[in-house]
Every structure is written in C-alpha cells, then in structure tokens.
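Notes follow the structure.
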There are 2 protein chains.
Amino acid sequence: MRIGELASRSGVSVRALRYYEEQGLLTSLRSPAGQRVYPEPAADRVRLIQLLYSAGLSSRTILELLPCVESQVATPESAARLGAERERIDAQIAELTAVRERLDEVIAMSLDPAHNCEYRPV
Amino acid sequence: MRIGELASRSGVSVRALRYYEEQGLLTSLRSPAGQRVYPEPAADRVRLIQLLYSAGLSSRTILELLPCVESQVATPESAARLGAERERIDAQIAELTAVRERLDEVIAMSLDPAHNCEYRPV
DNA sequence: CTTGCCTCTGACGTCAACGTCAGGTTTTAG
DNA sequence: CTAAAACCTGACGTTGACGTCAGAGGCAAG
C-alpha cells in the first residue's frame, strides 16, 4: 500500500509517516518511481508508535525500545531503559490520578445543591 | 516573600513564576521599588499549578479551572470544562496503563532465563 | 492527452513552557 | 560605602512533532 492509504488506515497524517521514517521508526520499500510502499503489518506498527508517543515517549526512546517491544526480547541496555520508562509512566499515572481526584471533588461539590449557595448567576 | 524564595519553596524556576503571572495564573503585590512580593499561600498555589501542568493541562485551561479548584465552587461553564478534562485524563491514564502493560511484558520476558535464548551478547 | 489526485523532496512555520541573555535597579552583607 | 546577590523588563532562543507550502513528477480514468 502507498503512504496515503497507510495514513488513513492508521489514523495519522502523511506528514507524520514521513517524519517517523526520518526518525528511523518506520521503513518503507520504494516503487520504481520512488514512491513509498508499505506491507500490511505497517499499520499495526504505526499504531504502536502512536501509542508510545501518546504515553510521552520521545522519538529517541521509541527508537530504542520499539525493537524489543515488537520482538519481546531486550538487551541489557534496553532493559534499563524499559525500567526507567516504566517508572516514569507510573509517576505520570500517579499525577494524573491526583489531578483527577481534585477535579472530582469540585465536580461533586458543584452537583451538591446544598453546597452551591456561594454561586449566584447574574 | 520575594520571587527567589517562592521559587525555591515551590520547586520551580523564577522564570516560570514570572511566566505564570504573565498567564494570569499567579498574582503578586509589589514592593515600593517594584519587586514582587508574595503571601505565604502562594507556594501552595504554585504547587497546584505545577500539578495541573504535569497532568497536561494548558495555561488557558488552568486559568479557567484554577479558581474553582481552589474555591471548590464551579460555574456551569467551568463544570463542563471540568468534565471534559476529567475525560481527557481518564483516556490518558488508559493509554499510559496500556503502554505500561506492554513494557511489563517485555520486562518479564527479559527476566525469564528460559526465554532469553534469542539474545547473545558479543 | 489531459485532467485531477497522489506522491516526492526540501524547507520554513507553529506552539507552549519556559531558558537565557542584556542592561539596568535594588537589596543585603560586611 | 561597596561589592555581591537578587530583582526588574524586554526580547530572543529552544525543543519536539509535526503543519504547510512550493515546485515537480507519477498514475488511473475518460
């Protein structure tokens, strides 16, 4: 498949796919005329890349971890990186959970008619 | 207290504090000579701002939600925003959890000596 | 053949949350 | 009083993951 189809199948932009290739995260074959051609599994790979990006990993980190995430085999250096990223993600989840709780408190208050006595619409 | 002390107490840079003020998230009194002066509770406010930033909220969103998060009172518009941010945070936690699981799988594999047969150090 | 869409490379634009530097004033320690 | 440290405003620099545009070539349909 060509780049436009991969883009729509994986839900990212054409520009993003070229960027991933530039970063070494994605490879492509080329047609005789020089157009990028991808095999079927590329869509899954792109979705995985997007998932890792959305978890806050950088291109460089994804580049390092993608091989072992896909192959399920880690080198010692990768294992260290994996652990570090795991810790970062745990911390991030903790922060998000804390903020969610604060928001929930306010939401609960705003739904409690007995508490809303301080707000008066104009 | 002055800006340097607030910075060290709240764990952010002086530049960041001035930026927060520029964004309307933080107010300050001024000494006769024009230096910023903060009351004690400012440190808590700054830490709350940082927490919200770390949860991925933008300045604009924080500006809108900070009053009701601190006062525990929400206007109808703010309530809508609160709900939207809560959903975003839920989704983000779900993504982080998914990535953490993938990483954990790889970590478990790399710790399993019976599986490591594919990796040979040079 | 040509029209219209897809693709190419290369390069500049964007946006947020600050970092950093310049040039000047204020506060504090001695 | 003086030097160091802290502060001021204003402005330009940074970073990552793309968006967007220009100019040129490729490809299926009628």
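In what follows, every chain begins at residue 1, and chains take the letters A, B, ... in the order their sequences are listed.
Contact check for Arg30(B) versus Gln35(B): no side-chain heavy atoms found under the 4.5 Å cut-off. Within the 4.5 Å cutoff, the side chain of Glu21(A) has no heavy atoms near those of the Thr27(A) side chain. With a 4.5 Å cut-off on side-chain heavy atoms, Gln23(A) and Leu63(A) do not count as touching. Contact check for Arg9(A) versus Glu40(A): side-chain heavy atoms found under the 4.5 Å cut-off. Arg45(A) places none of its side-chain heavy atoms less than 4.5 Å from the side chain of Leu25(A).
Taking atom CD of residue Glu21(B) and atom P of nucleotide dC7(D), one finds them 14 Å apart after rounding to whole Å. Atom CG in Leu17(A) sits about 10 Å away from atom P in dC18(D), given to the nearest Å. Between the OH atom of Tyr53(A) and the C1' atom of dC18(D) there is a distance of 9 Å, given to the nearest Å. Remark: P of dA5(D) and CD of Glu5(B) are 18 Å apart, rounded to the nearest angstrom. Between the C1' atom of dC18(D) and the CD atom of Glu22(A) lies a distance of 10 Å, rounded to the nearest Å. Rounded to whole Å, the distance from CG on Leu57(A) to P on dG16(D) is 14 Å. Distance CE (Met1(B)) to C1' (dA6(D)): 16 Å, rounded to an integer number of Å. One interatomic measurement links the two molecules: CG of Leu52(B) to C1' of dA17(C), which rounds to 15 Å at whole-angstrom precision.
Not one side-chain nitrogen or oxygen of Ser59(B) sits closer than 4.0 Å to the OP1 or OP2 atom of dA16(C). Between Tyr19(B) and dA17(C) there is a side-chain polar atom (N or O) within less than 4.0 angstrom of OP1 or OP2. Distances shown here put every side-chain N or O of Arg18(B) at or beyond 4.0 Å from the OP1 or OP2 atom of dA6(D). Residue Tyr20(B) places at least one side-chain N or O closer than 4.0 Å to OP1 or OP2 of dC18(C).
If you check every strand for non-hydrogen atoms under 4.0 Å, Arg30(A) touches sugar and phosphate atoms only. Heavy atoms of Arg36(A) sit under 4.0 angstrom from primed sugar atoms or phosphate atoms, though from no base atom.
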Using the 3.5 Å cut-off, write out each protein N or O paired with an N or O of nucleotides 24-28 of chain C and the distance between them.
none

Nucleotide N/O to protein N/O under 3.5 Å, stretch nucleotides 11-15 of chain D:
none

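Listed for the Thr61(A) side chain is no donor-acceptor partner under 3.5 Å among the backbone atoms of Leu57(A). No donor-acceptor distance shorter than 3.5 angstrom exists from the side chain of Arg100(B) to the backbone of Glu85(A), with no hydrogens or angles considered.
Checked against dG19(C), dC8(C), dC18(D), the side chain of Ile3(A) finds its nearest nucleotide in dC8(C).
Enclosure of atom CD in Glu22(B) by more than 12 non-hydrogen atoms of other residues, nucleotides or ligands within 6.0 angstrom is indicated.
Residues Val106(A) and Ala74(B) share a closest heavy-atom pair of CG1-CB, 4.2 Å.
The closest side-chain donor-acceptor pair between Glu95(A) and Tyr53(B), if any, does not fall under 3.5 angstrom.
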